[in-house]
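Okay, structure first, notes after.
Only this structure's heavy atoms are used, side chains among them; waters, hydrogens and symmetry mates stay out. Note on naming: letters A, B, ... go to the chains in the order of the sequence lines (proteins, then strands), and numbering restarts at 1 for each one.
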Amino acid sequence: MNKNEISQYLFKKRSAVELSRWLRTVYFPEITTRFNNEEFLKRFALYQNEKIPTNERNLTDVRTRMGVLIEFELARISNDLFHESNVHNIFLSYVVANRFPDLEVRDNSGNRYLRFEIKCLQCKAEEKSANFDTLKKDIDPSSDFVIVCLWDWVDQKNKNIEWDSFPKIFKVFIFHAYSLASLRDTYWLNNPPQDLGEGYQGFDIRYAITCKKGIYSKEQGNYGKLTRIKTKADGFNYSPQETAELIDTENEYNLFKEEIIFLGFKIIAQEKKHLGMNSISLKENGNTYGFKKNHTAFLLSSKLNKKIFHETSFYITNNLTQCIVMTDKYKSTIYKLKNKEIKKIKTDIKPKKIIDFIDPV
DNA sequence: GGGATCGTAAACATGTACCC
DNA sequence: GGGTACATGTTTACGATCCC
């Protein structure tokens with residue numbers, strides 16, 4: 001990344017699609033690499049058996065706080081990078097009011113160029129529902145991008161810094177904000193609740209408005225939840241205009257949704273208390289649908305073509321005695337093979353409670 | 001899919017003690 | 001009673017889930 005390149009892109013002298021691709025393949029990968037460096041990570045890491053909350057309520061708070069800190073550090077790294085590249089008339093500024101977006105590229109005169117809304121999601125969170133609810137009227141198609149960072153804690157020792165675990169950014173996804181909002185609104189407007197009554201679902205000047213039995217109310221905070229923007233197979237009655245930015249964003253969205261659900265599943269399966277890091281991938285046609293170690297397997301239901309966990313042949317072929325099958329929100333069902341019969345041991349339980357019902361690996 | 005929750009960070013509103 | 005300085009209570013908004 002050189003001075004010329006940074007100026008060209010950050011001063012938005014390129015099309016939205018070019019910008020999207022550059023942010024995705026050049027700019028954010030560089031920032032992420034720098035973030036995932038021990039000198040940075042040591043400021044976030046957990047040391048000397050420190051514990052963070054495990055109960056749902058406070059776990060969420062930690063995630064919220066991590067989101068703010070990661071956002072701040074990404075901006076800081078970015079500003080360092082500009083300096084290194086000898087770019088002094090451009091910087092990322094923090095938007096301190098609670099409004100869209102989070103970060104804005106400015107020059108020393110205060111002129112505004114690219115704008116970033118940063119969303120940080122912990123992969124193994126049971127429901128990834130950070131929401132992007134900025135209305136289209138507040139989004140500038142030429143400059144606004146939604147940046148989604150997937151992160152999680154990694155239990156891995158380091159020879160220089162004696163931490164127990166550190167937060168790693170696994171992947172960053174870049175969305176053209178206006179296109180993401182178009183996809184969101186098309187899906188939402190085409191899927192109103194069943195009990196609208198005589199009313200409609202739509203927007204007022206500030207919010208999404210929904211309706212129940214003819215009574216209007218401000219939408220409850222589900223609008224724009226990132227993993228509910230759309231499902232891959234959705235056909236729209238009224239499609240958004242298929243611009244190059246929209247197609248780019250839709251592709252990125254499908255990748256994002258698949259990746260974060262799978263990464264969260266992988267992290268849970270490979271936790272120390274479950275299979276551990278050195279488990280074996282279970283694949284079909286090069287597509288990983290689960291992990292196994294010794295006689296235990298973890299399977300991601302949405303990756304399976306058929307319900308192999310009901311078939312004794314699957315257990316015999318893979319030398320398994322138990323399978324933990326997870327939904328996209330990681331609700332789990334445990335099956336065990338006993339006397340050539342498959343029995344459902346426990347169903348619909350949270351990942352952290354699984355351990356009580358599975359045999360030691 | 002719809003709804004509820006809670007930490008954080010305020011802004012705004014009301015209550016109370018005290019001094020003059 | 002009026003003014004003032006705190007103290008306490010209420011409401012609002014955001015963000016990120018979690019629950020049913």
Euclidean distance, atom CE of residue A/M66 to atom P of C/dG15 [Å, nearest integer]: 18 Å

Contact under 4.0 Å: A/Y330 side-chain N or O vs C/dT17 OP1/OP2: no

For atom NZ of A/K331 and atom P of B/dG1, their distance in whole Å: 15 Å

A/L226 CG to C/dG15 P, straight-line distance once rounded to whole Å: 12 Å

Separation of atom NZ in A/K329 from atom C1' in B/dG1, rounded to whole Å: 8 Å

From C/dA16, B/dG1, C/dT17, nucleotide with atom closest to A/K225 side chain: C/dT17

Whole angstrom value for the distance that separates C1' of C/dT17 from CD of A/Q122: 11 Å

A/R65 CZ to C/dT17 P, straight-line distance once rounded to whole Å: 16 Å

Partner residues of A/D248 under the side chain to side chain donor-acceptor pair (under 3.5 Å) criterion, sequence neighbours left out: A/S20, A/R24

Donor/acceptor link under 3.5 angstrom from A/R63 side chain onto base of B/dG7: no

Salt bridge (charged side-chain N to carboxylate O under 4.0 Å, His left out) partners of A/K119, counting only residues at least two apart: A/E117

Ring-face cation of A/R184 near A/F132 (centre distance under 6.0 Å, axis angle within 45°): yes

Phosphate OP1/OP2 of C/dC18: any A/K350 side-chain N/O under 4.0 Å: no

Residue A/E50 excluded, over 12 heavy atoms near CD under 6.0 Å: yes

